[in-house]
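Remember, it's 1-based here, ligands and their atoms both numbered in the order they're listed. In this chain, numbering begins with 1 at the start of the sequence shown.
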Amino acid sequence: MTQAYWNWGLAAWMAMAPVIALVLMRISAPYGRHANAKVGPGLPPRLGWFLMELPALLTFPIVATVASGERPPLLWMLLGLWALHYGNRALIYPLRLRSKTPLPVLILALGVIFNAINGTILGLGLTRFGGVPQVAWLAHPLCWVGLAMFLGGYLLNLHADAVLRRMRRANPTGYAIPREGAFRWVSSPNYLGEMIEWFGFALVTFSLAGLAFAVWTAANLLPRALTHHQWYLRTFPDYPRDRKAVLPFLL
Ligand SMILES: NC(=O)c1ccc[n+]([C@@H]2O[C@H](COP(=O)([O-])OP(=O)(O)OC[C@H]3O[C@@H](n4cnc5c(N)ncnc54)[C@H](OP(=O)(O)O)[C@@H]3O)[C@@H](O)[C@H]2O)c1
């Protein structure tokens with residue numbers, strides 16, 4: 001495939017993301033608090049999350065190292081950032097998960113496809129097409145802005161996940177209003193952190209493939225954050241009215 005075809009393919013893939021986001025505004029992905037019996041059987045959440053996220057942990061590194069003729073030094077840094085996030089999401093997060101709600105097989109299957117496609121696009125996009133930035137990119141301030149966004153978003157996501165885990169442990173089946181940390185400003189700081197992370201990663205890679213991944217992450221998480229927020233407002237009459245869904249003071 002030539003570079004031009006690749007770029008057009010990526011642009012088409014990215015253009016699909018807002019369409020899916022609009023669909024997800026109307027039909028929230030049926031897992032967790034939005035689960036419903038109509039989507040069919042599910043797996044225990046720990047097993048489900050492990051199986052869903054494992055392809056993400058593996059696909060990008062495998063495709064990037066196998067597809068690439070050469071392995072530029074910055075590729076290892078990008079793979080390190082990837083392993084930091086997906087090592088947690090695929091291995092540690094499921095082990096610590098306290099949810100009792102089964103993960104529907106349908107969601108698991110869609111998640112596996114989503115993760116495998118995105119990992120392949122990143123792997124090919126950063127090596128065969130476009131290329132990993134040169135080491136000199138490390139001296140550019142934008143690279144450091146991207147790294148700071150990645151690490152800041154990662155820590156925000158970890159902290160928000162930990163707050164929710166503590167709440168789930170204290171109350172194994174019910175829901176309460178989260179009040180700690182960034183929950184003071186938004187209903188879904190876990191999703192906010194994850195989006196900041198991947199837009200930061202896109203900046204570090206300075207690539208169309210990195211941007212496509214960030215855009216798809218937002219297409220998934222923005223609608224879910226809005227749905228969570230509406231759910232909180234409907235469920236708790238005393239829910240803080242000045243709290244936003246996902247972007248402090250804005251949305
Ligand atoms: N990159 C992506 O496209 C993508 C997509 C989805 C998720 N993720 C990431 O995966 C992680 C989990 O996502 P999620 O959609 O499962 O998040 P979530 O809906 O916020 O739920 C996270 C966990 O916290 C529990 N929980 C949530 N709100 C609670 C409350 N008010 N009271 C008590 N327990 C509560 C949930 O229990 P229940 O299961 O019982 O509801 C679940 O165990 C997040 O860090 C997210 O960023 C990433």
[X], any N or O under 3.5 Å of ligand 1 N or O:
| X | result |
| --- | --- |
| R165 | no |
| K100 | no |
| Y31 | yes |
| W198 | no |

At a non-hydrogen distance cut-off of under 4.0 Å, which region of [X] contacts ligand 1 (side chain, backbone, both, or neither)?
| X | value |
| --- | --- |
| N220 | side chain |
| W231 | neither |
| R89 | side chain |
| R98 | neither |

- request: Indicate the ring-plane relationship of Y86 and W82, choosing parallel, tilted or perpendicular according to the 30° and 60° boundaries.
  value: tilted
message: Angle between ring planes, W13 versus W216, binned at 30° and 60°: parallel, tilted or perpendicular?
response: parallel
Could you tell me whether ligand 1 has any atom less than 4.0 Å away from a heavy atom of [X]?
| X | result |
| --- | --- |
| R33 | yes |
| Y232 | yes |
| H228 | yes |
| W216 | no |

Which residue and heavy atom of the protein sit nearest [atom], plus the separation:
| atom | result |
| --- | --- |
| atom 41 (O) of ligand 1 | Y175 OH, 2.5 Å |
| atom 37 (O) of ligand 1 | R168 NE, 3.2 Å |
| atom 44 (C) of ligand 1 | D161 OD1, 3.5 Å |
| atom 5 (C) of ligand 1 | L221 CD2, 3.5 Å |
| atom 20 (O) of ligand 1 | N190 ND2, 3.1 Å |

- prompt: How close do K244 and L247 get, heavy atom to heavy atom, and via which atoms?
  reply: CB-O, 3.5 Å
Atom pair OG1 (T120) and CZ (F60), whose distance is rounded to the nearest 0.5 Å: 11.0 Å
- request: Using only heavy-atom distances, determine whether the side chains of E180 and H159 contain a donor-acceptor pair under 3.5 Å.
  value: no
message: For Y175, does the six-membered ring have the charged nitrogen or CZ of R168 within the cation-pi criterion, i.e. under 6.0 angstrom from the centroid and within 45° of the normal?
response: yes
Among [options], closest by any non-hydrogen atom to [atom]:
| atom | options | value |
| --- | --- | --- |
| atom 12 (C) of ligand 1 | Y191, F236, Y93 | Y93 |
| atom 31 (N) of ligand 1 | A176, P45, P178 | A176 |
| atom 42 (C) of ligand 1 | S99, P172, A160 | S99 |
| atom 25 (C) of ligand 1 | I177, T173, L164 | L164 |

query: Applying the salt bridge (Lys or Arg N to Asp or Glu O under 4.0 Å) test to D161, which of R98, R89, R166 qualifies?
result: R89
